[in-house]
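Contents: one structure, followed by commentary.
Every chain is numbered from 1 and lettered A, B, ... according to where its sequence line falls, protein lines coming before strand lines. Since the structure is predicted, the reported quantities are computational estimates derived from the model, not experimental observations.
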Amino acid sequence: MNTEAHLENSVKEALKSLFETEIDPKQIKIELTNPDFEGDFTVLVFPFVRFSKKSPEETADMLGQELRKSNPWIINHNVIKGFLNLSLSHSYWLDWLKNVDLSTIGKAENKPAEKVIVEYSSPNTNKPLHLGHIRNNLLGYSVSELLQFYGYDTKKVNLVNDRGIHICKSMLAYQRFGNDETPESAGVKGDHLIGKYYVVFDLEYKKEIQSLIDAGLSEDDAKKQAPLILEAQAMLQKWEANETETVALWKKLNEWVYAGFNETYTTLGVSFDKFYYESETYLLGKDIVQEGLSKGLFYKKEDDSVWIDLEKEKLDHKLLQRGDGTSVYMTQDMGTADLKYKDFGCDKSIIVVGNEQDYHFKVLFSIMDKLGRPYAKGNYHLSYGMVDLPSGKMKSREGTVVDADDLMAEMIADAKEKTETLGKTDGMSEAEKNQLYYDIGMAALKYFILKVDPSKRMLFDPKESIDLQGDTGPFIQYSYTRIRSILRQAENSEVHTDQALETSERNLVLLLSQFGNVVKKGVDQYSPALVANYIYELARSFNKLYAEVPLLKEMDEAKKANRMAFCTLTAHVLKSGLGILGINAPERM
RNA sequence: GGACUCAUAGCAUAACUGGAUAGUGCACUUGACUACGGAUCAGGAGGUUGGGGGUUCGAAUCCCUCUGAGUUCACCA
């Protein structure tokens, strides 16, 4: 049991014996003591005043006395207003340090039985990945790693959007203007090549619109009647009719794109247990429409279109199937939800999609709930904010995007330049150096993205490169390599629990003891950002200790042994935390 | 128009979900290199938490209201 849980119990017992009141554990709030005050943990006593019938100060003092009676490891207490600050003995902390189990720290005491599926990435095959996708991928991957670390059995899946009118646009533009260019002949990645033709389509399409407008058509009519868009629509129909030539072109171009995506995924360090393709799932869900109709949950309009009334949930009416019987976005998402459950049987299903689709997922989850799906309660939309550029929102058609491959290459180049300036890579092979530049560059990028609360939109200025100093990934890596350097020169020895702790040691051990709580909270909130901010704090706390007390140079053997134990544990927690974020922890840098 | 987000120092962000004097980094500034690894550490300056009201012992956090930004709303997924 961790310290807080222990304290909580004690507080409960103490309140019972002092005031003869059985208190709801939720009323007991225990926090780390604000560093400006004396103490390790703080109990908020305001909620107890109601039945203690005493002032907050008196109540706190009585509680403090009582707690110390039953817990000798609480060696001191002080009261400021309604805050009861408790100081734990140094030997308590050293004992904790001595007995901590590296193989279980941070993980659930009882491994959760539930299985979790995380769907993320969901790229379109008509354009390369950009900064927005990077946020999606990093979030999806690290949430999955976080849950896995905590103890859940997790699966990662990717639903690729490989069909539809937008894909046909690229296909058509390639057919028209491509001259049988290939990724090899053009010397670019397949996804970039196809992305180029998506932009070409847009340019040509706009030209056509303009000439139609000049010929006297309204803008709306021009958009609908431009030959290119009509041809793209025709191509989509051919594709749906499974026409040989169209399907062959579609397959060829998609293969190129997948090869490109795989490269990007590898560099990003993300992976998937299974790929779903919309070309295979887009017809799903029609039987669910029937099911809903027969259950009386859905209704038909005169034109035969199918709807659901969600006015009670303030979600309005929503179209589920067109009058001609073809499916819409919602139709296939209902189908894929069932499919994923059939394939993996997960109790929790997390889907990582931008917050522009908040409404869509509210509706989807509400429908699956009404249909009585067993997994409905475990559905969660991990909604994240858009990544804005100083110039506004990224738009791939207009070319105002930060390309994922370019950005990663730039980060790695920055890391290389910085590392070479510092000149600490003597004796490393070229391969080791390149791995290091990659580790550092990606750490900077990943930490930069993941430290921000997922739900918030974030601003990224491509002109200002991501820092390598301060509150950054490389800072944490650097702290780690420093500890590793020390540990390489140290010998193993036991913790001596009879020693006094320096302030910086006590601060560090307090933070270390919080790792489990942070992971738990991150799991509850699906937020890797909490882990990111925590390991930064931890690295900072260690660096302070490093600057203030001797470690290897400590003459007192007992103290030195304890400090080595601090080093070992800190290194372990830092590495675990970085791992959750998908960041490598190099031995040297 | 309806629904949903968001607003914290020049910039980027945190605040244990209602707790103490709102933390941190970048940039600016002062100091610590005969270093257990300076991608570090210590200090300074920078805030009416968009404005106004309310609830509370206590509000960046909850409620109301303005202002501003964004997303979404029936056939692109």
Side-chain angles (χ1 to χ4, degrees), chain A residues 29-37 42 44 46 49 55-56 80-83 85 122 124 159 161 163-167 278 282 301 305 307 314-324 326-333 354-360 362-363 383 385-386 388 390 392-393 415 418-419 421-422 424 440 444 448 451-453 455-461 464 466-472 474-479 481-486 489-490 514 517-518 521 525 529-530 533-534 536-537 539-540 543-554 560 563 567 588-589:
Chain A
K29 285 199 177 166
I30 296 171
E31 305 174 346
L32 286 188
T33 301
N34 183 320
D36 295 340
F37 300 94
T42 297
L44 299 186
F46 293 105
V49 176
S55 73
I80 295 162
K81 293 192 272 181
F83 300 91
N85 300 324
S122 331
N124 284 340
L159 174 57
N161 182 343
R163 64 162 288 279
I165 188 74
H166 49 291
I167 312 292
E278 279 194 22
Y282 80 108
K301 284 196 181 171
S305 57
W307 296 74
K314 289 176 89 175
L315 293 173
D316 221 325
H317 292 250
K318 184 75 188 172
L319 176 82
L320 302 178
Q321 186 173 291
R322 296 191 189 106
D324 61 6
T326 55
S327 49
V328 292
Y329 184 26
M330 193 61 76
T331 328
Q332 53 172 291
D333 260 10
N355 62 9
E356 55 204 352
Q357 295 192 37
D358 285 355
Y359 172 72
H360 174 79
K362 273 187 200 164
V363 172
S383 161
M386 295 291 105
D388 289 318
K393 198 180 169 178
K418 173 78 177 175
T419 309
T421 313
L422 294 172
K424 295 186 199 168
I440 296 172
F448 177 81
K451 74 168 173 171
V452 182
D453 184 329
S455 66
K456 296 200 174 170
R457 37 191 281 218
M458 56 186 290
L459 190 89
F460 177 75
D461 188 346
E464 284 181 37
I466 295 173
D467 284 319
L468 302 173
Q469 287 172 39
D471 185 3
T472 67
F475 170 90
I476 299 166
Q477 289 177 315
Y478 173 74
S479 310
T481 57
R482 250 180 167 184
I483 303 176
R484 291 296 307 148
S485 166
I486 288 170
Q489 302 167 57
Q514 291 301 303
N517 293 341
V518 171
K521 210 192 303 166
Q525 299 182 23
L530 297 177
N533 289 316
Y534 168 77
Y536 170 66
E537 283 299 320
R540 224 161 55 97
N543 286 337
K544 192 173 167 66
L545 173 78
Y546 182 94
E548 286 180 6
V549 303
L551 301 168
L552 280 173
K553 285 185 176 169
E554 172 60 52
K560 182 173 168 183
R563 284 176 193 155
C567 288
R588 291 178 54 193
M589 66 186 277

Using the [atom1] atom on both, measure [N] against [M] and round to a whole Å.
| N | M | atom1 | result |
| --- | --- | --- | --- |
| B:C16 | B:A59 | P | 15 Å |
| B:A15 | B:U61 | C1' | 10 Å |
| B:U40 | B:A77 | C1' | 49 Å |
| B:G18 | B:C63 | C1' | 13 Å |
| B:G70 | B:G31 | C1' | 45 Å |
| B:A32 | B:A12 | C1' | 28 Å |
| B:C73 | B:A14 | C1' | 35 Å |
| B:U71 | B:C57 | P | 42 Å |

Tell me: [atom1] of [X] to [atom2] of [N], nearest whole Å?
| X | N | atom1 | atom2 | value |
| --- | --- | --- | --- | --- |
| A:Leu468 | B:U40 | CG | C1' | 15 Å |
| A:Lys424 | B:A35 | NZ | P | 15 Å |
| A:Glu356 | B:A69 | CD | C1' | 16 Å |
| A:Tyr534 | B:G25 | OH | P | 18 Å |
| A:Ile486 | B:A35 | CD1 | C1' | 12 Å |
| A:Asn355 | B:U72 | CG | P | 9 Å |
| A:Asp358 | B:C4 | CG | P | 12 Å |
| A:Phe475 | B:G38 | CZ | P | 13 Å |

Side-chain H-bond candidate by donor/acceptor type, A:Asn543 with A:Arg482, under 3.5 Å: yes
Short side-chain donor-acceptor distance under 3.5 Å, A:Gln469 and A:Tyr478: no
Side chain to side chain contact (heavy atoms under 4.5 Å, CB included) assessment of A:Thr326 paired with A:Gln321: CA-CA 6 Å; A:Thr326 55; A:Gln321 186 173 291; over 6 Å; no
Could you pull out all residues at least two apart from [X] that satisfy salt bridge (charged side-chain N to carboxylate O under 4.0 Å, His left out)?
| X | value |
| --- | --- |
| A:Glu554 | A:Arg563 |
| A:Lys451 | A:Asp471 |
| A:Asp467 | none |
| A:Lys424 | none |

5' precedence on RNA chain B between A:Pro474 and A:Lys314 (nearest-nucleotide basis): A:Lys314
A:Leu315 vs A:Asp467, nearer the 5' end of RNA chain B by closest nucleotide: A:Leu315
Syn/anti state for B:U17 [syn: chi within 90° of 0]: syn
Euclidean distance, A:Leu545 CG relative to A:Leu551 CG, rounded to 0.5 Å: 5.5 Å
Rounded distance [0.5 Å steps], CG in A:Leu32 versus OG1 in A:Thr42: 8.0 Å
Using a cutoff of under 3.5 Å, can you pull out all pairs of nitrogen or oxygen atoms linking the protein to nucleotides 31-34 of chain B, with atom names and distances?
none

Partner set under ring pair (Phe, Tyr, Trp, His ring centres under 6.0 Å) for A:Phe83, not counting sequence neighbours: A:Phe46
For A:Tyr546, all residues meeting ring pair (Phe, Tyr, Trp, His ring centres under 6.0 Å), sequence neighbours excluded: none
By the 4.0 Å heavy-atom rule, please label [X] as base, sugar-phosphate, or nothing.
| X | answer |
| --- | --- |
| A:Thr481 | base |
| A:Thr419 | base |
| A:Val549 | base |

Protein proximity profile, nucleotides 8-24 of chain B - base contact B, sugar-phosphate-only contact S, no contact -, cut-off 4.0 Å on heavy atoms: ----SSSSSBSBBS--S
A:Arg322 side chain vs A:Ser327 backbone, donor-acceptor pair below 3.5 Å: yes
Pair assignment for RNA chain B - dot-bracket with | for other-strand partners, Watson-Crick or G-U under 3.5 Å: (((((((..((((.....[...)))).(((((.......))))).....(((((..]....))))))))))))....
Cation-pi check, A:Lys318 onto A:Trp307 ring (under 6.0 Å, within 45° of axis): no
Where A:Asn355 and A:Ser455 come nearest, the two heavy atoms and their spacing: ND2-O, 4.5 Å
Contacts of A:Thr472 that satisfy side-chain hydrogen bond (donor to acceptor under 3.5 Å, both in side chains) - sequence neighbours left out: none
Test side-chain hydrogen bond (donor to acceptor under 3.5 Å, both in side chains) applied to A:Asn533 - qualifying residues, sequence neighbours left out: none
side-chain N/O A:Arg482 vs B:A35 OP1/OP2, d < 4.0 Å: no
Could you list the protein-to-nucleotides 73-77 of chain B atom pairs, N/O on both sides, closer than 3.5 Å?
from  : atom 1 : to       : atom 2 : distance (Å)
B:C75 : O2'    : A:Arg322 : NE     : 2.5
B:C75 : O2'    : A:Arg322 : NH2    : 3.3
B:C75 : O2     : A:Arg322 : NE     : 3.0
B:A77 : OP1    : A:Arg322 : NH2    : 3.1
B:A77 : O3'    : A:Glu278 : OE1    : 2.4
B:A77 : O3'    : A:Glu278 : OE2    : 3.2
B:A77 : O3'    : A:Gln332 : OE1    : 3.1
B:A77 : O3'    : A:Gln332 : NE2    : 3.0
B:A77 : O2'    : A:Asn161 : ND2    : 2.4
B:A77 : O2'    : A:Glu278 : OE1    : 3.3
B:A77 : O2'    : A:Glu278 : OE2    : 3.3

Is_stacked (A:Tyr546, B:C41) at 5.5 Å, 30 deg: no
